[in-house]
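Scroll down for the structure; my scribbles are underneath it.
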Amino acid sequence: MLAGRSTSPRLAIIVPCYNEELILPDSLNQLLMLLYSLIGKKQISEESFLYCVDDGSQDRTWEIILNKHQADEKVKGLRLSRNAGHQNALLAGLLNIQNNVDCAITIDADLQDDINAIPTMLDHFKEGSDIVYGVRQSRKTDSFLKRFTALTFYKLMRYSGSNIVFNHADFRLLSQKIIKELNNFKESNVFLRGIFSLMGFKSSQVHYDRNIRALGTTKYSLRKMISLAWEGLISFSQAPLEFILISGVISFITSIGMAVWVLSAKFFSHTTPGWASIMVPLCFIGGVQLLSIGIIGEYLAKIYLEVKQRPRYIKDTELH
Ligand code: UDP
Ligand code: MG
């Protein structure tokens, strides 16, 4: 046990919710039961609570949170003014409770992540870890497409130098020290996994099996999923820019080769006006240039967003 780390810390379980009316009542009950059992066993302090962040839902999500809060003050919440996205909802929750907890655990509202891993996470925290990553043991419950895209994403991230934890999403425990450190990351393009892997500090992992979603549908449309992966890649690496440089060098060398070939053909043999030898490099170089401009444009768009320094989320109502 580390000196100074409480044996019954104040814990907040943060749940981002976007249109979760179908599954939320059951999830809140399960989480509350766990919270009370941990308090009963003195593994966490009595000041611990659930913290639901309503990410601008259009259904009855906020009503459910409000009713639960009125019935039990251990359920607290924050409502955002509009849908700010999963990452921003998590950030809003974490920053809002930073002064009232010793540690926080973030978990999706559908409880696909195993809540039985939470006591083990707390043990790791008490043994001195500042970040405890929830890591999936397998991806059996995922579709082929999700498995394939996830694997490609992690490989790409690793290759481009970002050290994110394989098969870890947003189920994790964070100590207060880590949460406070988030104040120093002011980027508008938030990709929490990347941020935590940059922070350092003592970390550990807890392994668990992920369930399928019991009710409701995924709130991560293909568009949101691709934009999260893109966020991770563009915000945390310069590899795509290096890719442009490399393809530029390759096409430059190729075109020198082509020039040598064309000139020698002109001087040493009979040349007929070559349609193919014009069209092929024309299309190729045109394609490479457009792709390159596109990638530079993506960085430019991100910089544009960062420069404006707009708020990442806007708070509407808070339940204390
Ligand atoms: N979520 C959110 N804002 C969004 C999209 C999702 O707060 O814009 C929440 C959602 O309510 C859930 C979590 O993020 O608690 C993960 O979403 P989901 O389970 O639909 O993603 P999946 O497990 O399918 O990747
Ligand atoms: Mg889910």
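As the structure lists them, so they are numbered: ligands from 1, and atoms in each ligand from 1.
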Interatomic spacing from CG in D113 to CG in D170 - rounded to 0.5 Å: 9.0 Å
Option passing salt bridge (charged side-chain N to carboxylate O under 4.0 Å, His left out) with D102 (candidates R10, K180, K177): R10
M33: hydrophobic cluster co-members (side-chain, 4.5 Å): none
Minimum-distance protein heavy atom relative to atom 19 (O) of ligand 1: D110 OD2, 2.6 Å
Qualifying residues under side-chain hydrogen bond (donor to acceptor under 3.5 Å, both in side chains), relative to S292, sequence neighbours excluded: none
Cation-pi geometry met for K315 and Y313 (6.0 Å, 45°): no
Atom 25 (O) of ligand 1: nearest protein contact (heavy atom, Å): K146 NZ, 3.0 Å
Close-contact set for ligand 1 against K224 heavy atoms, below 4.0 Å: 4 (C), 5 (C), 8 (O)
Heavy atom of the protein closest to atom 14 (O) of ligand 1 (residue, atom name, distance): H86 CD2, 3.2 Å
Whether Q87 lies under 4.0 Å from ligand 1, heavy atom: no
Close-contact set for ligand 1 against Y18 heavy atoms, below 4.0 Å: 1 (N), 2 (C), 3 (N), 4 (C), 5 (C), 7 (O), 8 (O), 11 (O)
Closest protein heavy atom (residue, atom, distance) for atom 24 (O) of ligand 1: T218 OG1, 2.5 Å
Sub-4.0 Å heavy-atom contact, R213 with ligand 1: yes
Co-members of the apolar cluster containing L215 [side chain, <4.5 Å]: L22, I23
Side-chain ion pair, K202 and D130, N-O less than 4.0 Å: no
Nearest neighbour in protein (non-hydrogen) for atom 21 (O) of ligand 1: Y220 CD1, 3.3 Å
Q112 and ligand 1 - part of the residue with a heavy-atom distance under 4.0 Å: side chain
Check: S8 side chain, S45 main-chain N or O, donor-acceptor pair, under 3.5 Å: no
Trace of the side chain to side chain donor-acceptor pair (under 3.5 Å) decision for D26 with Q30: CA-CA 6 Å; D26 183 52; Q30 285 195 46; 3.3 Å; yes
Closest protein heavy atom to atom 5 (C) of ligand 1, given as residue, atom name and distance to 0.1 Å: K219 O, 3.6 Å
Y18 six-ring face occupied by K219 cation (under 6.0 Å, within 45°): no
Identity and distance of the protein heavy atom lying nearest atom 3 (N) of ligand 1: D55 OD2, 2.6 Å
Distance filter under 2.8 Å, centred on the Mg ion (ligand 2) - protein N, O or S atoms that pass it: D110 OD2, Q112 OE1
N or O pair under 3.5 Å between A109 and ligand 1: yes
Heavy atoms of other groups near Q309 CD, more than 12 under 6.0 Å: no
N83: numbered ligand 1 atoms lying under 4.0 Å from its heavy atoms: 3 (N), 4 (C), 8 (O)
For atom 9 (C) of ligand 1, the protein heavy atom that lies nearest, with its residue and separation: P16 O, 3.9 Å
Ion pair K302/E231, N-O distance below 4.0 Å: yes
K224, NZ: over 12 other non-hydrogen atoms inside 6.0 angstrom: yes
Crowding at CZ, F148 (>12 non-hydrogen neighbours, <6.0 Å): no
Enumerated ligand 1 atoms positioned under 4.0 Å from heavy atoms of E20: 10 (C), 11 (O), 12 (C), 15 (O)
Atoms in ligand 1 with a heavy atom of D108 nearer than 4.0 Å: 13 (C), 15 (O), 16 (C)
Presence of salt bridge, R210 and D114, under 4.0 angstrom: no
Ligand-side contact atoms (ligand 1) for residue partner G85, heavy atom cut-off under 4.0 Å: 3 (N), 8 (O)
